[in-house]
Amino acid sequence: MSILLVEDEEGIVAFVRRGLEAAGYQVLVASDGIDGLALAMSDDVDLVVLDLGLPGIPGEEVLTRLRRRRPTVPVIILTAKDSVTDRVANLDAGADDYLIKPFSFSELLARIRARLRSTDQSRSDVIAVGSLSIDLAGHTAMVDGRSIDLSSREFALLEVLARHAGRVLSQTQLLDQVWGYDFDGSSNVVEVYVSHLRGKIGAERIKTVRGAGYKLHDT
Ligand code: CA
């Protein structure tokens with residue numbers, strides 16, 4: 001499990017990092033809002049601990065922008081702003097939980113564990129879309145009962161499409177989620193991979209919505 005800590009106070013970074021590593025988590029650190037947002041976009045990050053008072057982009061805005069791309073990644077806010085209005089605003093903006101500074105490490109750890117547990121329960125290992133099914137644990141896909149051989153990138157693309165089945169995903173959203181936030185290669189990579197996938201799962205399953213993007217549908 002990988003946790004991203006977005007915090008500019010070195011003392012807090014050091015103590016949280018030590019504690020989380022000792023608890024067996026992989027820890028990524030960003031010391032400003034810009035790096036924090038870029039790292040948080042990655043699917044490799046399982047939970048974000050986010051300070052609000054940050055250089056670059058303030059934590060509130062990091063949260064709002066992150067939620068547009070990753071609506072479900074758990075976010076725990078660290079804040080010194082101990083007012084009811086701020087708390088409500090943060091929870092409304094999509095924070096899952098918050099801690100008021102100063103906090104104890106054991107309290108943070110308890111909140112993290114609780115959040116990761118609830119994500120695990122809501123995440124099933126198999127996504128089914130009509131006669132297509134994707135086994136996330138085994139990294140395999142089946143169509144009409146026959147197994148499909150996919151490269152890891154094709155699998156990642158299919159997984160994103162399947163998680164949002166029936167909804168249109170733009171080329172930019174697919175690039176961000178499958179290739180990463182900073183991808184700056186040729187943008188027709190999405191088109192190329194969609195075409196590979198169509199060849200393998202059946203062209204009719206992935207619909208092109210002109211000017212908008214692609215969607216996977218139930219056939
Ligand atoms: Ca700060």
Side-chain angles (χ1 to χ4, degrees), residues 1-123 156 160 163 170 172-184:
M1 283 286 183
S2 172
I3 296 177
L4 170 64
L5 172 63
V6 189
E7 169 63 76
D8 60 324
E9 281 170 59
E10 284 174 21
I12 295 182
V13 170
F15 112 93
V16 172
R17 187 208 287 267
R18 249 193 330 270
L20 289 177
E21 284 176 352
Y25 295 104
Q26 196 193 331
V27 183
L28 297 168
V29 174
S31 57
D32 64 60
I34 297 166
D35 289 350
L37 181 61
L39 286 172
M41 295 295 188
S42 158
D43 281 339
D44 296 338
V45 168
D46 298 300
L47 181 142
V48 180
V49 177
L50 178 66
D51 180 31
L52 291 185
L54 288 170
I57 310 175
E60 291 86 343
E61 194 182 333
V62 171
L63 178 61
T64 311
R65 287 163 69 171
L66 175 62
R67 278 291 173 248
R68 277 185 222 139
R69 300 278 176 80
R70 296 191 69 197
T72 58
V73 64
V75 176
I76 299 175
I77 296 283
L78 299 179
T79 177
K81 298 176 183 170
D82 187 9
S83 85
V84 173
T85 335
D86 286 336
R87 293 185 205 183
V88 171
N90 289 327
L91 294 172
D92 278 353
D96 297 279
D97 206 347
Y98 61 87
L99 276 176
I100 305 292
K101 292 177 180 176
F103 55 90
S104 71
F105 179 74
S106 61
E107 186 171 11
L108 175 62
L109 186 61
R111 306 281 180 103
I112 288 174
R113 286 190 168 138
R115 284 299 142 198
L116 289 176
R117 253 196 316 274
S118 55
T119 330
D120 272 356
Q121 282 160 0
S122 64
R123 184 191 292 162
V160 170
R163 283 189 187 280
S170 70
T172 310
Q173 285 172 315
L174 291 171
L175 271 179
D176 286 345
Q177 295 197 28
V178 179
W179 281 268
Y181 183 64
D182 288 327
F183 181 80
D184 60 358

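Any value given below was found using the heavy atoms of this structure, including those in side chains, with hydrogens, waters and symmetry copies removed. Whatever order the structure lists them in is the order used to number ligands and atoms, beginning at 1.
- Here OG of Ser42 is found 9.0 Å from CG of Leu4. Values are rounded to the nearest 0.5 Å.
- Of all protein atoms, those that are N, O or S and lie under 3.0 Å from the Ca ion (ligand 1) total 3.
- Put simply, CG on Leu116 and CG on Leu47 are 5.0 Å apart, with the number rounded to the nearest 0.5 Å.
- The pair Arg67-Asp96 counts as a salt bridge, with a side-chain nitrogen and a carboxylate oxygen less than 4.0 angstrom apart.
- Considering Arg69, Arg163, Arg70 in turn, Arg70 is the only one that fulfils the salt bridge (charged side-chain N to carboxylate O under 4.0 Å, His left out) rule with Asp43.
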Report the C-alpha distance between Phe103 and Tyr98 in whole Å, list the side-chain angles of each, state the deciding distance to 0.1 Å, and finish with yes or no for ring pair (Phe, Tyr, Trp, His ring centres under 6.0 Å).
CA-CA 10 Å; Phe103 55 90; Tyr98 61 87; over 10 Å; no
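- Under the ring pair (Phe, Tyr, Trp, His ring centres under 6.0 Å) criterion, Phe105 pairs with no residue, sequence neighbours left out.
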